[in-house]
Amino acid sequence: MYTLGINAAFHDSAASLVKDGQLLAAVEDERFTRIKHGKRPIPFSTYELPFHAIDYCLQVASIHLKDVDQVVYSFDPYLLVNEKEAKELDPADPQPWKGLFLSSIINAPSQLVDGYPHHLQKRFKDADQTDWEWHFIEHHLSHAASAYLPSPFREAAVMVLDGRGEVATTSYHVGQQQNLTRIGQVDLPHSLGLLYEEVTTYLGFLHSSDEYKVMALASYGKPVYVKDFRDMVWLGEQGQYRIQQTQLEARFGPARLRHEPFTNHHFDIARSLQYVLEETVLELTLWLHEETKQRCLGLAGGVALNCVLNARIRDDGPFENVWVQPAAGDSGTALGAALWADAKLRGEHEKTFVMDHVYWGPSYADQAIADFLERAKVPYTRMEHVAEETAQLLADNCIIGWFQGAMEYGPRALGSRSILASPVLPEMQAWLNEVKDREDFRPVAPVVTEEDAPQWFIAAQPSPFMLFVNQVAPDKADLIPAVKHVDGTARIQTVNREQNPAYYDLLKAFERITGIPVLINTSFNTVGRPIVCSPRDALECFWTSPFDVLVMGSFLISKQYGDKDIRGHSHVQTASAFG
């Protein structure tokens, strides 16, 4: 039985395909359309379904849309309007945006069968709404299912921290086998996620997109405005809270415009927001733990992508084990909705799937890559020993585009579509931000072999999805200065060979040359663009960005600069530093 999950209501449009309880494919639409987040979360974009992502999922299963047994959409418009009212929705009413938003969702089934792009006709043609069962699944239930059903836990408490759903903004659940029971929720307009979005806009960033930049900015500030944010967030009982009048400009002065310089004032606002977010959510976890008596916690929702917050929950919260859905934002609801509906329709009572990796997107064999390079008339070298040759280039401080295997699901590049570099030179963090045209304050993250992580990062546990921070070990900090953030932390990814053999082998080869089992891993993209998906995307990004080498499969493509180095700094042989 095939279940197709769709997220399209707000942003991060995505699709997933589940067959008899097992995930076959999951991918964001942005990777194909090359539009960041797929679309902006505005009411008149709701009609845009993730056709490219759906097409890919169908390709993986070698089926057509008419072969799907059920389609699930991770938003339930009937929580906001009844069926009679739905028929009377009129875009010309006094609240036209609400009418456009809801009517587009309600009419998604017909849009799916006749709104696809013409070049995707093959797998959509001749499908009819009667070919499958259609289900609208509540947004927060979809998030909660994504946090629990693919987790390694047989039972757990579940917390969803989102900007908004239909009504809920925060919700609490208990998961047992294939069941989820909701035990509480916080409703609009009260939302920690929307508060974070509002401050994101105030600080000159793009909301529903740049919240992670506020988290990075917070490390440079002091919590001098904690009282102001505590005045905004009133914590109640039974997991409830209220967001009071924010009035950010009245409190803090004029908002920062996008290209204005940052000041300590901006740093302090970000730090104070992060401080109050952490203390508030910790209190919510204490209540949830006391209420459920569970040892394990599953997290999802956009706020759960805040890796500093996640580390506080892990280190200072009451739960023994914490698992965060790697696609915790709205894209993950496509997965959660599909797993939930699949289990319910089949009557499955026991969990059969654990999400232990994120490599659910397109992959390209060496022959396909070679054919593309030949057509593009791009000079290349075929490497006999990819890990060893690439590791030597990294040890020589080359910045490398790394394109291997199946693409990642979720917002993190985790070793399939990554830009990699050595962590040895302090300047490498600034070089990478220049390469990607990012803000100077942005940190870069390390990947480390799972077995070596505790020696390099304090109390490090397996962290394959890069969703927690750890302090860099003091005796190792001078060896990997480029990945140490201003507060002494690093957002680590751990990897073992079973998870990603090519990636792991590269780390071990780099360790043999330098003595360091750590590399910098950042996403293979530039500012405002999605992570690359295809060889064409990778090549376009490579030739329009100032980094040195592209490694796709077994093939190496390099740039020649003559006597001029792009960074104004000759490459340093790190191997010599270790004898």
(message) Just to verify, which of I419, T526, D437, N525 counts as forming a side chain to side chain contact (heavy atoms under 4.5 Å, CB included) with S545?
(response) T526

(request) Mark yes or no: K559 above the aromatic ring of F542, with NZ or CZ under 6.0 Å from the six-membered ring centre and no more than 45 degrees from the axis. (result) yes

(request) Taking the side chain as every heavy atom from C-beta outward, state whether V518 and L507 have any atom pair closer than 4.5 Å. (result) no

(request) Please answer whether the main-chain N or O of L467 pairs with a side-chain N or O of N310 as donor and acceptor at a distance below 3.5 Å. (result) yes

(request) Quick one: sort the F32 and H52 rings into parallel, tilted or perpendicular, breaks at 30° and 60°. (result) parallel

(request) Using modelled atom types only, decide if a donor and an acceptor are shared between the side chain of T494 and the backbone of S463 within a distance under 3.5 Å. (result) yes

(message) Going by the rule salt bridge (Lys or Arg N to Asp or Glu O under 4.0 Å), which residues pair with R442 if we only count those two or more places apart in sequence or in a different chain?
(response) E439

(message) Quick one, L297 and W323 - any side-chain contact, counting heavy atoms below 4.5 Å?
(response) no

(request) Find out whether N470 and R491 are in side-chain contact, i.e. whether some heavy atom of one side chain is under 4.5 Å from a heavy atom of the other. (result) no

(message) Is the ring pair H357/Y359 parallel, tilted or perpendicular, if the boundaries are 30 and 60 degrees?
(response) parallel

(message) What I'd like to find out is whether the side chain of N306 reaches to under 4.5 Å of the side chain of Y196, using heavy atoms alone.
(response) yes

(message) Are I520 and Q429 packed together at the side-chain level, in the sense that at least one heavy-atom pair is separated by less than 4.5 angstrom?
(response) no

(message) In the structure I gave you, are the side-chain heavy atoms of C57 and L24 within less than 4.5 Å of one another anywhere?
(response) no

(message) One pair to check against ring pair (Phe, Tyr, Trp, His ring centres under 6.0 Å): F229 and Y275. What are the steps and the verdict?
(response) CA-CA 9 Å; F229 282 102; Y275 186 101; over 10 Å; no

(message) For the backbone of G317 and the side chain of R312, can you confirm whether one donor and one acceptor N or O come within less than 3.5 Å of each other?
(response) no

(request) Could you please spell out the steps behind the ring pair (Phe, Tyr, Trp, His ring centres under 6.0 Å) verdict for Y225 and H265? (result) CA-CA 10 Å; Y225 299 114; H265 180 62; 5.6 Å; yes

